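Heads up, the thing below is written out as structure tokens.
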Amino acid sequence: MTSKHRPLYGHLHRQLLPAPPASTPAAAGVTWNTRLRELSKHGQFSEALALYRQMLRCGGSPNAFTFPFALKSCAALSLSIPGVQLHGHVIKTGCGPEPFVLTSLITMYCQCNLIGSARKVFDECPQGNLTVCYNALTSGYAFNSRFLDAVALFCQMRELGVSFNSVTMLGLIPACTLPAHLSVGMSLHSCIIKFGLDTDLSVGNCLLTMYVKCGCIKFAKTLFDSMPKHGLITWNAMISGYAQNGLASNVVDLYQQMKSQGIHPDPVTLVSVLSSCAHLGAHSIGREVERQIELSGFGSNPFLNNALINMYSRCGKLAKALAIFNAMPEKTVVTWTAIINGYGMHGQGEIATQLFDDMIRSGVRPDGAAFVSVLSACSHAGLTDKGLEYFEVMKEKYSLRRGPEHYSCVVDLLGRAGKLAEAFDLIRSMKVEPDGAVWGALLGACKIHKNVELAELAFKRVVKLEPENIGYYVLLSNIYNEAGNLEGVLRVRVMMRDRKLRKEPGYSYVEHRGEVHLFIAGDRSHPQTEEIYRMLHKLESLVEGLHDLKENEISGMSVHSEKLAIAFGILNSEPNIEIVVIKNLRVCGDCHSFIKSVSKVLDRRFVVRDATRFHHFSNGICSCRDYW
DNA sequence: GTAGGGTTAG
């Protein structure tokens, strides 16, 4: 069995032993290089560097076939000091002019963020074979977010008549992943078509990713549909694109389509699908994905386990989430954050904070996102002092930047505790610009504590930042309404009319026997419509006591989607009625009291998951729950 | 025998 065919991992210790004596020094060099290549090819970069050092210790001399792999390892690990040392060895051994070595040097310097050194190597490149050197530096600029330099270098290439190829494009396109740079990206796309490089699958994938990252999901889908071939990466790019842009149901559709075409998903695919299941609360699809993970042997993939914890937490299956958490041998800050979030969003603030403290004890350093999860856990559970303590520790002990996402949690925390003035002071003391979520949290607190004056102030700020967010208008209108200020209600309505803002229809859904049943207000499209309305009528009569309503009084737009969902659940004897509400504001007061009354009359417990409350989360969705 | 490149979680 040659070393090329030997399984790598089990024999690592043997590979690190000194090289067997070879008949000639050149033959010994080949043996070292072969091993180095194997390790680098399998992503074993630390081992590759160890092997390089060992080679030097054993008196082996590196050559032009050694350096590319050793440099690649430094690049992958971002190790600049060994990288610079290697550069010294390159010069000493006279391998400097070798194009393979030069491009590896440029890449190494770029990945270590030493652009100046990369440029120096580039400027000294001998004429001829310039394309690869240009490619290396262009992609290096893109890697370091130097958009203008990358584009300028490409222009220079064209002016000097240096030929370019699809690899040039693969380096250049990632420079255009900001919406501001999209126009350049689109001209690159034209250029790609003009030169016939669009038949390259990798180039297509790269363009697809560019559109996705610029938020142009429509362009991305058009490109996807026009591509002659779809590789696994193509499917993944499109699926993760939908997931990143919050189009969770498109993710599920595309995933089904992918499977129906016989393409096997990999962990990258499944991570996106799970994150979308979490957004949708689509527990049954999530469970199916978990089976798929086990069948495919991806069970120990940490990315997938984190995604599973997140999915089960958001779907309300905390025990399951905890079991996966406990079984994970290595827990990163992401793992801890997922489980803390899970307990936090279900009002179990005590457990969430305990977990947070356990995390620190276990030596995992919290990051900004971990603090968001613990702060919001404190705010939901009313742990005001504890939350303020974390907020302090975040800055004092961990020197983490406190962003608007943290401030909005603390404003919420103070606001719910009735400390409106303190919340307002906190906002005024902010060194970063407060965003809509921060003012929105204050506005929400004003609703709870009926403070019209402060609400007006918060509203003024929030509509400046998010003029299109209808939720805030409705919130203020409700505050006025509760205060009996009808003039105020009218003023808000006029404002909405003038700005041509119309409330999007809210929708609610219930999962029944693995299927999602979706309702919009006044919906009559469900196959069981007649029975649902009859049940709703019955429930309305029950909670209204002796008032017997006429059938037509509960028909049309006044029938909220939550009510239809609950009537459907009761009608079908759904044991755990969990209604997920997606709209621009929290569950309305009318439905709130309706569900509460039904719960009381029937002596049953319901969970309403309101997917759009005024909490700032990175994905814009917060899964707070209310129980009745 | 070698370089320059495309998809991933809270």
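Every chain is numbered from 1, with letters handed out A, B, ... down the list of sequences. Just so we're clear, the structure is a prediction, and the values are computed from it rather than from any experiment.
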> OP1 or OP2 of B:dT8 sitting under 4.0 Å from any side-chain N/O of A:Ser240?
Replying inline: yes

A:Leu197 CG to B:dG6 P, in whole Å, measures 16 Å

From CG of A:Leu208 across to P of B:dT8 the rounded distance in Å is 10 Å

Closest to the side chain of A:Asn165, out of B:dG6, B:dT8, B:dG4, is B:dG4

Are A:Asn205 and A:Ser202 linked by a side-chain donor-acceptor pair shorter than 3.5 Å?
no

Examine A:Arg402 relative to A:Phe391 and say whether NZ or CZ is less than 6.0 Å from the centre of the six-membered ring and inside a 45° cone about the ring axis.
yes

- Between A:Phe164 and A:Tyr134, ring centroids under 6.0 Å: no

Closest to the side chain of A:Leu170, out of B:dG5, B:dG10, B:dT7, is B:dG5

Ordered by number, residues from residues 92-100 of chain A within less than 4.0 Å of DNA chain B (heavy atoms) are A:Phe100

Margin query: Please tell me whether A:Tyr312 and A:Glu290 have a donor and an acceptor in their side chains that are separated by less than 3.5 angstrom.
Written below: yes

- Query: Within less than 4.0 Å of OP1 or OP2 of B:dG4, is there a side-chain N or O belonging to A:Thr107?
  - Reply: yes

Ranking B:dT2, B:dG4, B:dG10 by distance to the side chain of A:Asn341, first place goes to B:dG10

Please determine, by modelled atom types, if A:Asp266 and A:Thr269 share a side-chain donor-acceptor pair under 3.5 angstrom. yes

A:Ile233 has its side chain closest, among B:dA3, B:dT7, B:dG1, to B:dT7

Checking B:dT2, B:dT8, B:dG6 against the side chain of A:Leu201 (C-beta onward), the nearest is B:dG6

With the side chain defined as heavy atoms from C-beta on, A:Ser275 is closest, among B:dG1, B:dT7, B:dA9, to B:dA9

A:Asn205 atom CG is separated from B:dG5 atom C1', nearest whole Å, by 11 Å

Please state whether the phosphate of B:dG5, meaning OP1 or OP2, lies under 4.0 angstrom from any side-chain nitrogen or oxygen of A:Ser202.
no

Rounded to whole Å, CG of A:Leu39 lies from C1' of B:dG1 at a distance of 15 Å

Practice task
Record whether the side chain of A:Thr337 comes under 3.5 Å of the base of B:dG10 through a donor-acceptor pair of N or O atoms.
Solution key: yes

Contacts of A:Arg291 meeting side-chain hydrogen bond (donor to acceptor under 3.5 Å, both in side chains) (sequence neighbours excluded), chain-then-number -> none

With the side chain defined as heavy atoms from C-beta on, A:Val333 is closest, among B:dT2, B:dG10, B:dG4, to B:dG10

Margin query: Less than 3.5 Å apart, any donor N or O on the side chain of A:Tyr52 or A:His89 sitting next to an acceptor on the other?
Written below: yes

Short side-chain to backbone donor-acceptor contact, A:Ser190 and A:Met186, under 3.5 Å: yes

Rounded to whole Å, CG of A:Asn135 lies from C1' of B:dG6 at a distance of 14 Å

In whole angstroms, the gap separating C1' of B:dT7 from CG of A:Leu223 amounts to 14 Å

Regarding the side chain of A:Val167, the nearest nucleotide among B:dT7, B:dG5, B:dA9 is B:dG5

The nucleotide from B:dG10, B:dA3, B:dT7 with an atom nearest the side chain of A:Val334 is B:dG10

Q) For A:Asn310, which contact category applies under a 4.0 Å heavy-atom criterion: base, sugar-phosphate, or nothing? A) sugar-phosphate

- Side-chain N or O of A:Gln244 less than 4.0 angstrom from OP1 or OP2 on B:dT8? yes

Separation of B:dA9 atom P from A:Asn305 atom CG, nearest Å, is 15 Å

Taken to the nearest whole Å, CE/A:Met345 to P/B:dG10 is 11 Å

A quick test of your reading: do over 12 heavy atoms of other residues, nucleotides or ligands sit less than 6.0 Å from NZ of A:Lys72? no

| request: Please indicate yes or no: is the ring centre of A:Phe303 less than 5.5 Å from the centre of the six-membered base ring of B:dT8, with the two planes inclined by under 30 degrees? | output: yes

